[in-house]
Enquirer: 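I have a structure here, written as structure tokens, and I will follow up with some questions on it.
Not measured: the values here are computed from a predicted model.
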Amino acid sequence: MDVIPVIDLMGGEVVHARRGERDAYRPIESKLVFGSGPLTIVGALMELAPFRRLYVADIDAIRGGRGHDAAVMAIAAAHPDVEIWADRGETDVETLAERRADGETSVIGTESFEDARTLAQALKASGGVLSLDHDAAGPVGPDGAHDDPSLWPRRVIVMTLARVGAGEGPDMGRLADVVGKAGGRAVYAAGGVRGLEDLEALRQIGVAGALVASALHDGRLTPEAIRDLLRA
């Protein structure tokens, strides 16, 4: 069971994401370390356990503003053995291909696309991870992306924005449905993980890993529990 820490970058700081309400995001307050600087937060997370991956959501870039490429590059330089999954909301195939050539793993979110054809082109160019995005009303983005597993790459995130930071638990029904369609692809849960019991439940339905933030920063997931999961 893979555990993937998440940081959300906005205004040069790591912010606390909650329910996808991006206008309400505020600098994170973590029990792990004082401050909200990206390198400070990532350093504290990496001291918890030997995480293999880190998810970075560049909120400013996703919203069409100036992104945090310099911060992502600094994190990569400080933690060269960690695979960074970077979500910038990018759709341009040339840019995505360049990032792939530079060794970056891009997250391709359905919320950024209007049609499945353009989404498929972005996935091919990036070789990245697909995020099947959902808000409180349901799936976001092209219908084909959610209903046609032939479009999916080998790694797929089920992102339930309404549960991010809300402490309500993962959307188990939706995750089970995607796992059933995935045909052996690795499915990752994002949104709602409260602690060890949720992670164990996810593993039982075949989820390969989970994106986690709040439960790491407030201590609900201990270093010992995380290491046990990563070894399992």
Enquirer: Under the rule for side chain to side chain donor-acceptor pair (under 3.5 Å), what residues qualify as partners of K181, not counting sequence neighbours?
Expert: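 Only D177 meet the side chain to side chain donor-acceptor pair (under 3.5 Å) criterion with K181.
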Enquirer: In Å, rounded to the nearest 0.5 Å, how long is the span from CG of D92 to OG1 of T118?
Expert: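 D92 CG to T118 OG1: 11.5 Å, rounded to 0.5 Å.
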Enquirer: What distance separates L199 CG from Q204 CD, expressed to the nearest 0.5 Å?
Expert: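 Going from CG on L199 over to CD on Q204, the span is 12.0 Å.
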Enquirer: Kindly work out whether a path of hydrophobic side-chain contacts (I/L/V/M/F/W/Y, heavy atoms less than 4.5 Å apart) joins I84 to I7.
Expert: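 Yes, I84 connects to I7 through the hydrophobic network.
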Enquirer: Considering residues at least two apart in sequence or located in another chain, which fulfil the ring-ring contact (aromatic ring centres under 6.0 Å, His included) criterion with H146?
Expert: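 Testing H146 for ring-ring contact (aromatic ring centres under 6.0 Å, His included), a comparison that skips the adjacent residues, returns H134.
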Enquirer: Taking side-chain hydrogen bond (donor to acceptor under 3.5 Å, both in side chains) as the cut-off, I'd like each qualifying pair that reaches into residues 36-51, sequence neighbours left out, listed once.
Expert: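 Only E13-S36 qualify under side-chain hydrogen bond (donor to acceptor under 3.5 Å, both in side chains).
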Enquirer: Does H217 reach the main-chain N or O of L32 with its side chain, forming a donor-acceptor pair under 3.5 Å?
Expert: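 Pair absent, no side-chain N/O of H217 close to backbone of L32.
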Enquirer: Which atom names give the shortest non-hydrogen contact between A145 and L132, and what distance separates them?
Expert: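 Heavy-atom minimum between the residues: O-CD2, 3.3 Å.
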Enquirer: What's the shortest heavy-atom distance between R220 and S214, and which atoms?
Expert: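 Minimum heavy-atom separation between R220 and S214: NH2-CB, 3.6 Å.
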Enquirer: Consider side chain to side chain contact (heavy atoms under 4.5 Å, CB included). Of D228, I226, L202, which one does M1 pass it with?
Expert: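 The option that passes is L202.
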Enquirer: Can you tell me how far apart CE (M46) and CG (L39) are? Round to the nearest 0.5 Å.
Expert: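 Result: 11.5 Å between the selected atoms.
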Enquirer: Does one hydrophobic cluster hold both L216 and L196, with members joined at side-chain heavy-atom distances below 4.5 Å?
Expert: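 In one cluster: yes.
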Enquirer: If you round to the nearest 0.5 Å, how far is OH of Y55 from OG of S131?
Expert: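 Taking OG in S131 and OH in Y55, the distance rounds to 5.0 Å.
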Enquirer: Start with the C-alpha gap between S126 and E104, add the side-chain angles, then the distance that decides, and say whether side chain to side chain contact (heavy atoms under 4.5 Å, CB included) holds.
Expert: CA-CA 9 Å; S126 68; E104 185 174 292; over 6 Å; no
Enquirer: Mind checking the CG-CG spacing from L130 to L151? Nearest 0.5 Å is all I need.
Expert: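 So the gap between those two atoms works out to 8.5 Å.
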Enquirer: At their closest point, which heavy atom of G35 faces which heavy atom of I41, and how far apart are they?
Expert: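 Reported closest heavy-atom pair: O-CD1, 3.4 Å.
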Enquirer: Could you go step by step and tell me if F113 and L123 meet the side chain to side chain contact (heavy atoms under 4.5 Å, CB included) rule?
Expert: CA-CA 11 Å; F113 294 84; L123 287 167; over 6 Å; no
Enquirer: Restricting to pairs with a member in residues 66-78, which pass salt bridge (Lys or Arg N to Asp or Glu O under 4.0 Å), not counting sequence neighbours?
Expert: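 Only D69-R88, D69-R99 qualify under salt bridge (Lys or Arg N to Asp or Glu O under 4.0 Å).
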Enquirer: If you look at every heavy atom in R100 and A125, which pair is closest and at what distance?
Expert: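 Here R100 and A125 meet closest at CD-O, 3.4 Å.
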Enquirer: Spell out, as yes or no, whether a donor-acceptor pair under 3.5 Å connects the side chain of R185 to the backbone of W152.
Expert: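 Indeed, once roles are kept as given, a pair shorter than 3.5 Å links the two residues.
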Enquirer: Test your reading of the model: is there a side-chain donor-acceptor pair from D133 to the backbone of E111, 3.5 Å cut-off?
Expert: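 Here the side-chain-to-backbone pair exists.
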Enquirer: For A215 versus G195, what's the shortest heavy-atom pair and its separation?
Expert: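 So the two residues come closest at CB-N, 4.5 Å.
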Enquirer: Using modelled atom types only, decide if a donor and an acceptor are shared between the side chain of R174 and the backbone of M159 within a distance under 3.5 Å.
Expert: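 Pair absent, no side-chain N/O of R174 close to backbone of M159.
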Enquirer: For S106, which residues count as a side chain to side chain donor-acceptor pair (under 3.5 Å) partner, sequence neighbours excluded?
Expert: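 Scan of S106 (side chain to side chain donor-acceptor pair (under 3.5 Å), adjacent residues dropped) gives none.
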Enquirer: Once salt bridge (Lys or Arg N to Asp or Glu O under 4.0 Å) is applied, what residue pairs with a partner in residues 73-87 remain, sequence neighbours excluded?
Expert: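 Only R53-E83, E83-R155 qualify under salt bridge (Lys or Arg N to Asp or Glu O under 4.0 Å).
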Enquirer: Considering the options V82, V3, L230, I4, which one meets the side chain to side chain contact (heavy atoms under 4.5 Å, CB included) requirement together with R52?
Expert: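 When side chain to side chain contact (heavy atoms under 4.5 Å, CB included) is applied between R52 and each of V82, V3, L230, I4, only L230 qualifies.
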Enquirer: Would you check, one step at a time, whether the test side chain to side chain contact (heavy atoms under 4.5 Å, CB included) holds for V158 with V207?
Expert: CA-CA 10 Å; V158 179; V207 171; over 6 Å; no
Enquirer: For a quick test of reading the model, state the closest non-hydrogen atom pair linking P5 to L45 and the distance between them.
Expert: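 Heavy atoms of P5 and L45 come nearest at CB-CD1, 3.9 Å.
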Enquirer: Looking only at atom types and distance, does a side-chain atom of D60 sit under 3.5 Å from a main-chain N or O of G65, one as donor and one as acceptor?
Expert: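 No, D60 side chain to G65 backbone: no donor-acceptor pair under 3.5 Å.
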Enquirer: Say whether I205 and L229 are linked into one hydrophobic cluster, either directly or through other cluster members, by side-chain heavy-atom distances under 4.5 angstrom.
Expert: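 Same cluster: I205 reaches L229 through Ile, Leu, Val, Met, Phe, Trp or Tyr contacts under 4.5 Å.
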Enquirer: Are side-chain heavy atoms of I157 and L211 found at a separation under 4.5 Å?
Expert: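 The answer is yes; the side chains approach within 4.5 Å.
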Enquirer: Go through the steps for V129 and V156 under the test side chain to side chain contact (heavy atoms under 4.5 Å, CB included), then give the verdict.
Expert: CA-CA 6 Å; V129 182; V156 180; over 6 Å; no
Enquirer: Mark yes or no for whether T110, through its side chain, and V140, through its backbone, hold a donor-acceptor pair below 3.5 Å.
Expert: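 Pair found, side chain donor or acceptor close to backbone of V140.
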Enquirer: Mark yes when over 12 heavy atoms from residues, nucleotides or ligands other than E197 sit less than 6.0 Å from its CD; otherwise mark no.
Expert: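 No.
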